[in-house]
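Everything numeric in this text was worked out from a predicted model, so none of it was measured.
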Amino acid sequence: MKHTKVKELLNSAQTLQEVYVKGWVRTFRNNQFIALNDGSTINNIQCVVDFENTPADTLKRITTGAAVALKGSLTESKGAGQKYEIQVRSLEILGDSDPEKFPMQPKKHTLEFLRANAHLRVRTNAFGAIMRVRSVLSFAVHQYFQEKGFVYVNTPVITGADAEGAGEMFQVTSLPLDNLPRTEEGHIDYKKDFFGKHTNLTVSGQLEGETFAMALGQIYTFGPTFRAENSNTSRHLAEFWMIEPEVAFNDLDDNMDLAEDFIQYVIKYTMDKCADDLKFLEGRLLEEEKSKPQAERSEMTLLEKLNFVLENNFKRVSYTEAIDILKNSTPNKKKKFQYIIEEWGADLQSEHERFLVEKHFKCPVILYDYPANIKAFYMRLNEDGKTVRAMDILFPGIGEIVGGSQREERYDVLVEKMKVLGIDEEELWWYLDTRRFGTAVHSGFGLGFERLVLFVTGMTNIRDVIPFPRTPGNAEF
Ligand code: 4AD
Ligand code: MG
């Protein structure tokens with residue numbers, strides 16, 4: 001007999017004579033009631049054990065965390081809180097769980113404790129919900145682009161290029177680190193390395209993605225991305241997943257439209273498919289908020305926040321306008337910001353981004369036309385000669401969630417920019433070819449997938465929305 005998923009049983013149209021389920025015991029009350037979960041839904045199914053006719057030895061082995069298989073009938077529940085329960089006729093312990101040692105006790109654990117047990121935390125309600133939401137969100141990403149005729153491109157994980165020019169790369173090498181081959185000048189001889197050159201893990205698939213957009217028209221990537229930035233924040237991972245669409249003939253306005261439509265679509269899709277999980281996460285957040293001082297509590301519940309993003313256009317604001325707002329803002333004047341905004345040209349920190357979104361505009365914001373010298377080399381220079389057609393999307397509670405731009409499509413301007421920044425033309429000969437053969441206006445952006453999952457789940461630390469986080473000093477599991 002094949003076993004049935006708990007989700008299916010809870011949604012059953014009728015009671016059933018013969019059911020078979022497998023799952024893990026969440027709790028076992030009064031030697032009688034098992035709350036069983038199999039991961040198919042946040043909801044447990046109550047299984048009523050006939051304790052008088054079950055051997056004492058078996059009853060003892062029904063402990064939190066144990067894997068069990070049971071047969072019985074699906075009946076209407078007499079208890080409150082659930083429509084159905086299972087009257088158990090036979091029960092088999094598949095895998096014991098020592099109740100003294102199992103770390104995931106049915107009580108509240110701190111997120112820090114759960115992070116240290118990332119292999120087991122997924123057995124909790126919250127992490128089960130987060131990981132199901134994450135899965136549905138990633139499917140929604142594909143669904144959106146596939147419906148629109150975008151081609152999914154797998155850009156390389158190992159590359160010689162530093163797309164962002166920020167130098168935050170993990171090197172990939174098979175050279176013996178304790179005995180490195182040297183050139184005559186004493187430099188490391190990368191010609192002897194596996195690829196015959198210096199290589200690293202990708203920080204972005206954009207540059208390779210652009211070459212595909214210049215043939216296939218509309219493409220997107222969705223893959224792991226690596227950054228060796230030593231920023232121990234609740235928004236940064238050393239390994240994260242990024243979605244990067246790139247579209248030929250799109251200018252910056254089209255790019256903003258695409259990003260906004262895309263984000264709204266995937267949130268809507270996930271709200272439709274994950275109602276139970278999101279309701280649970282909303283409740284979790286409300287509980288958490290209670291321990292915060294009134295002033296720091298969110299004005300909206302999780303679902304209200306998600307609906308707000310669906311129902312309101314993102315506010316489009318130029319960098320120059322944003323600097324004016326920030327310069328005249330109370331926290332700037334009262335020196336409450338860690339980095340005081342003195343003048344045009346300043347790079348915006350997360351505190352500034354969050355002020356704009358959370359305090360000033362109170363909605364998602366798209367900032368555009370940034371100073372050229374604080375952005376990457378590939379962005380389209382504006383006619384003013386000092387700003388580029390960049391855009392960052394800022395979200396409440398998150399800060400930057402998207403970074404993108406219209407690309408510099410003019411060969412001469414691009415080469416000139418690379419010279420100024422000291423980017424090796426020979427290294428990027430293939431990228432420059434896109435500008436030499438049939439160049440055209442094009443645009444794209446990168447969405448940090450975990451930051452999106454943070455927003456949708458209402459979690460506050462990025463380490464809690466990826467299965468096994470990689471951060472400075474942490475690569476356990
Ligand atoms: O703004 P970024 O650096 O842009 C790019 O990489 C461009 N090549 C994208 C493009 O135009 N195709 O990164 C894009 C997004 C950020 O807005 C942020 O959401 C996320 O990637 N991100 C990170 N997420 C988690 N941990 C990190 N260390 C991140 N760095 C960037
Ligand atoms: Mg950025």
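With values rounded to the nearest 0.5 angstrom, F127 atom CZ is found 10.5 Å from N117 atom CG. Of the inter-residue distances, the one linking E416 atom CD with R410 atom CZ reads 12.0 Å to the nearest 0.5 angstrom. Residue L432 holds its CG atom at 10.5 Å from CZ of F437, rounded to the nearest 0.5 Å. Here the CE-CG distance, from M104 to L120, works out to 5.0 Å after rounding to the nearest 0.5 Å. For the atom pair I325 CD1 and N332 CG, the distance stands at 12.5 Å (nearest 0.5 Å). Put simply, OG on S350 and CZ on F355 are 13.5 Å apart, with the number rounded to the nearest 0.5 Å.
Residues E210 and R407 are in side-chain contact: their nearest non-hydrogen atoms beyond the backbone lie under 4.5 Å apart. Counting heavy atoms from C-beta on, the side chains of R463 and E450 never come closer than 4.5 Å. Contact of the T159 side chain with the N200 side chain is registered, since non-hydrogen atoms from C-beta on lie closer than 4.5 Å. K375 has its side chain out of reach of Y319: every pair of non-hydrogen atoms, C-beta onward, lies at least 4.5 Å apart. Inter-residue side-chain proximity for R182 and D189 is flagged as unmet; no heavy-atom pair is nearer than 4.5 Å. The shortest distance between side-chain heavy atoms of F445 and I393 does not fall below 4.5 Å. The shortest distance between side-chain heavy atoms of H142 and Y152 falls below 4.5 Å. Looking at heavy atoms from C-beta onward, S405 lies out of side-chain contact with R389 at the 4.5 angstrom threshold.
Heavy atoms only, all atoms of each residue included: L302 and E282 are closest at N-OE2, 3.5 Å. Of all the heavy atoms in I398 and F455, the pair that sits closest is CD1-N, 3.7 Å. Residue T64 comes nearest to S97 through the heavy atom pair O-OG, 3.2 Å, listed as atom of the first residue, atom of the second, then distance. Smallest separation of non-hydrogen atoms from W24 and G65: CD1-O, 3.5 Å. The two residues N232 and P472 make their nearest non-hydrogen contact at ND2-CB, 4.1 Å. Across all non-hydrogen atoms, the minimal contact from N255 to N250 is N-ND2, 4.3 Å.
Of the possible polar contacts, none joining the T434 side chain to the T211 backbone as a donor-acceptor pair under 3.5 Å is found. In terms of modelled atom types and a separation under 3.5 Å, the side chain of R227 and the main chain of V203 share a donor-acceptor contact. Although no hydrogens or angles enter the test, the distance criterion places a donor-acceptor pair under 3.5 Å between the side chain of Q406 and the main chain of L252. The main-chain N or O of L367 is never found under 3.5 Å from a side-chain atom of D392 such that the two would form a donor-acceptor pair. R451 places no side-chain N or O within donor-acceptor distance of the main-chain N or O of H236, the cut-off being under 3.5 Å. A distance-only check finds no donor-acceptor pair linking the side chain of E425 to the backbone of K419 [under 3.5 Å]. Remark: side-chain polar atoms of N37 are paired, donor with acceptor, to backbone N or O of T41 under 3.5 angstrom. A distance-only check finds a donor-acceptor pair linking the side chain of N328 to the backbone of D324 [under 3.5 Å]. For S135 (side chain) and M131 (main-chain N/O), no donor-acceptor pair under 3.5 Å exists by modelled atom type. A donor-acceptor distance shorter than 3.5 angstrom exists from the side chain of S40 to the backbone of K7, with no hydrogens or angles considered.
Under a cut-off of 6.0 angstrom, the local environment of CZ in F249 is sparse, with at most 12 non-hydrogen atoms contributed by other residues, nucleotides or ligands. Residue E299 qualifies as open at atom CD: its count of foreign heavy atoms under 6.0 Å is 12 or below. For E343, the CD atom is loosely surrounded, since the number of other residues' heavy atoms within 6.0 Å does not exceed 12.
Side-chain polar atoms of Y265 and E147 form a donor-acceptor pair below 3.5 angstrom. In the model, E244 has a side-chain atom that pairs as donor or acceptor with a side-chain atom of S204 under 3.5 Å. Between the side chains of T173 and D193, at least one donor N or O lies within less than 3.5 Å of an accepting N or O. A donor atom on one side chain and an acceptor atom on the other are not found under 3.5 Å apart for E351 and Y339. Looking only at atom types and distance, the side chain of T387 has a donor-acceptor partner in the side chain of N382 under 3.5 Å away. Y144 and Q264 form no side-chain donor-acceptor contact under 3.5 Å, judged by distance and modelled atom types alone. Looking at Y378 and E164, their side chains do bring a donor and an acceptor atom within 3.5 Å of each other.
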- Task: Give the intermediate values and the outcome of side chain to side chain contact (heavy atoms under 4.5 Å, CB included) for residues L326 and H360.
- Result: CA-CA 9 Å; L326 288 167; H360 190 84; over 6 Å; no

- Item | Worked check of side chain to side chain contact (heavy atoms under 4.5 Å, CB included) between F262 and I243 | CA-CA 11 Å; F262 163 60; I243 296 138; 4.1 Å; yes

- Task: Assess whether salt bridge (Lys or Arg N to Asp or Glu O under 4.0 Å) is satisfied between K292 and E288, documenting all intermediate values.
- Result: CA-CA 7 Å; K292 286 189 193 163; E288 199 171 72; 5.3 Å; no

- Message: What verdict does the side chain to side chain contact (heavy atoms under 4.5 Å, CB included) test give for V247 and D254, after you've listed the backbone C-alpha separation in whole Å, the side-chain angles of each residue and the deciding distance to 0.1 Å?
- Response: CA-CA 9 Å; V247 184; D254 301 322; over 6 Å; no

- side chain to side chain contact (heavy atoms under 4.5 Å, CB included) between F314 and I263, intermediate numbers included: CA-CA 11 Å; F314 299 3; I263 292 175; 4.2 Å; yes

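Aromatic pair F226/F170: ring centres not closer than 6.0 Å.
The pair R121-D464 meets the salt-bridge criterion, with a side-chain N (NZ, NE, NH1 or NH2) lying under 4.0 Å from an Asp/Glu carboxylate O. Ion pair D369/R316 not flagged as a salt bridge, since none of the NZ, NE, NH1 or NH2 atoms sits closer than 4.0 Å to an Asp/Glu carboxylate oxygen. Under 4.0 Å is where a charged nitrogen must lie from a carboxylate oxygen, and between K279 and D276 no such pair does.
Taking the six-membered ring where the residue is Trp, F139 and Y269 present tilted rings, their angle falling between 30° and 60°. Aromatic ring pairs are classed by plane angle as parallel below 30°, tilted from 30° to 60° and perpendicular above 60°; the pair F222 and W241 is perpendicular. Between Y220 and F145, the angle of the ring planes stays under 30°, which puts this pair in the parallel group of the 30/60° scheme.
In this structure, R435 forms a cation-pi arrangement with Y431, its terminal cationic atom sitting closer than 6.0 Å to the ring centre and no more than 45° off the ring axis.
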